[in-house]
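Here the structure comes first, spelled out in structure tokens, and everything after it is commentary.
In what follows, every chain begins at residue 1, and chains take the letters A, B, ... in the order their sequences are listed.
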There are 2 protein chains.
Amino acid sequence: MSKLPARIRLADAAFALFDERGYEQTTVDDIAERAGLGRTTFFRNYRSKEDVIFPDHDRLLALIRDRLATSSHSTALVAVSDAVRLVLLHYVDEGDLARRRYALTSKVAALRDREIASVGRYQRLFREFIADWMGGPTESASLRAELMAAAVVAAHNHVLRRWLRGESSDPVAEVDEAMREVLALFSAPGSSPGPGGGTTVVAFRTGQDIDALLPSLRRLVEDGAEH
Amino acid sequence: MSKLPARIRLADAAFALFDERGYEQTTVDDIAERAGLGRTTFFRNYRSKEDVIFPDHDRLLALIRDRLATSSHSTALVAVSDAVRLVLLHYVDEGDLARRRYALTSKVAALRDREIASVGRYQRLFREFIADWMGGPTESASLRAELMAAAVVAAHNHVLRRWLRGESSDPVAEVDEAMREVLALFSAPGSSPGPGGGTTVVAFRTGQDIDALLPSLRRLVEDGAEH
DNA sequence: TTTACTTGCGGCACTCAGTGCCATAGCTTG
DNA sequence: CAAGCTATGGCACTGAGTGCCGCAAGTAAA
């Protein structure tokens, strides 16, 4: 008995205690004791208390990096979509574990922050890759790369969270669809009006008839007044 | 002498020491001692060591919240642009302080994470506001809100970082331009083929007279043509 | 002037995360 | 059997953050 590797036993103990008492009410000593191990062993297996919950972010980052690296200029966007799908699948494969983690990050601010910081790393990876792909060190390309990277990870997170909440039965299909929407966004012809001070017109959908809106529009144009 | 309030003296001491020895090599005791104050006083003024560097995030969040709150459905996008500009201006007003903070967050991983987590809070605010504005609890609207919020803060951060690095002489103009690009992105006709519908509302800044724009507007409403 | 109340500060003791060092038990390889 | 490697436990230490108590100075009320 107790033949499970220390890493696993520690993780099990940690999640059990987090469920019972909450994250902040659980000390590393508690975890080690419950696992029947020493405190030192805990820190040898996990860099920090938070790390028990987010074990393989580094591996995931490497996964993305690899997938992006094995692409040519013409397949860059496919690589991005693939990488996103890879990450999503990783979480889906975790199944219940991912959902327990989500429950924790939803409750504990420190963990939520940590999660967001990790997402930031993903976003950075995508940003650099996309900027590279866009080539031009133009300021405009740089901004577009930033926007696109942000949209890519936002799409991923949106679908992931839906799945975590049990709102999605086919997350892979959803993420593919979401990525299509993202790519459509950035392939839209007019989206890069370039410099030159022309007028930019922005349209959104509403339920109202346009003529009913015209007065507000006028005021909006003239002085940004309220409506 | 030493008539400056404790808060200020502590911040001065902290930044000085961070510059001299680096963030991790500076303890809270060091800071308090340099400021000629007690350790207790430090924690009374700042919740944590990191807080000395990011003092008024809460105030900034409230600022955004307020600006977004004072808007109607038709001026929602103007409010978003305004809020973004507000945040940017806050940092620009800080001047050198903001740049010293940037130097620190660039070097120290813990601070970078903290910064990213803060940005996440901004993004959440925008996401909720935009989702609310889009109305429909549709899954499609929800995704679009998420994408748009991500793009909005990405645009802001892009311009802010440019300014922090000294690459921008007129950040306000740049952020306005970037926001135009973001809004244009999401107004692109093809991107939301969604179920049919209503008419289109238009928000924009322009130098032109609105009447000169009306024909384009009508076309935009009818078939989503550009500019 | 004396009393009472508030505000800002210092000191101290405590918890807990995280680091570093040393010792030891077990297992493998010569 | 000896040498070496690996996984573990114990222990002491630093440093962040909390809580409590006490003190001084200023202010208001008696």
* To do: Nearest whole angstrom, please: distance from the C1' of D:dA16 to the CG of B:Leu10.
  => 16 Å
* With B:Val84 as reference, evaluate B:Leu160, B:Ile64, B:Val152, B:Val153 under the side chain to side chain contact (heavy atoms under 4.5 Å, CB included) test and give the passing residue. => B:Val152
* Asked: Mapping A:Thr40 and A:Asp29 to their closest nucleotides on DNA chain C, which lands nearer the 5' end?
  -> A:Asp29
* **For atom CG of B:Asp30 and atom P of D:dG17, their distance in whole Å** => 14 Å
* **Polar side-chain contact B:Arg39-D:dG15 base: donor and acceptor under 3.5 Å** => no
* Would you sort out whether B:Glu139 and A:His158 count as a side chain to side chain donor-acceptor pair (under 3.5 Å), showing the intermediate values? => CA-CA 10 Å; B:Glu139 149 60 9; A:His158 179 79; 3.1 Å; yes
* Under 4.0 Å between any heavy atoms, over every strand shown, what does B:Thr27 touch: base, sugar-phosphate, or nothing? Just pick one. => sugar-phosphate
* Between C1' of D:dG17 and CG of B:Asn45, the distance in whole Å -> 15 Å
* Asked: Which listed nucleotide (C:dG10, D:dA16, C:dG18) is nearest to the side chain of B:Lys49?
  -> D:dA16
* To do: State whether the number of non-hydrogen atoms from other residues, nucleotides or ligands found under 6.0 Å of A:Glu33 atom CD is greater than 12.
  => no
* To do: Whole angstrom is fine here: how far is it from OH in A:Tyr46 over to P in C:dA17?
  => 16 Å
* Salt bridge between B:Arg112 and B:Glu115, side-chain N to carboxylate O under 4.0 Å? -> no
* Quickly work out the B:Phe42 CZ to D:dG15 P distance and round it to whole Å. => 14 Å
* Asked: Roughly, in whole Å, what's the span from CZ in A:Arg7 to C1' in D:dT8?
  -> 16 Å
* Donor-acceptor pair under 3.5 Å: do we get one between B:Arg44's side chain and the base of C:dG10? -> yes
* To do: Grab the CZ-C1' distance between B:Phe43 and C:dT15 for me, whole Å please.
  => 13 Å
* Asked: Could you state the CD-C1' distance from B:Glu24 to C:dA17, rounded to the nearest angstrom?
  -> 15 Å
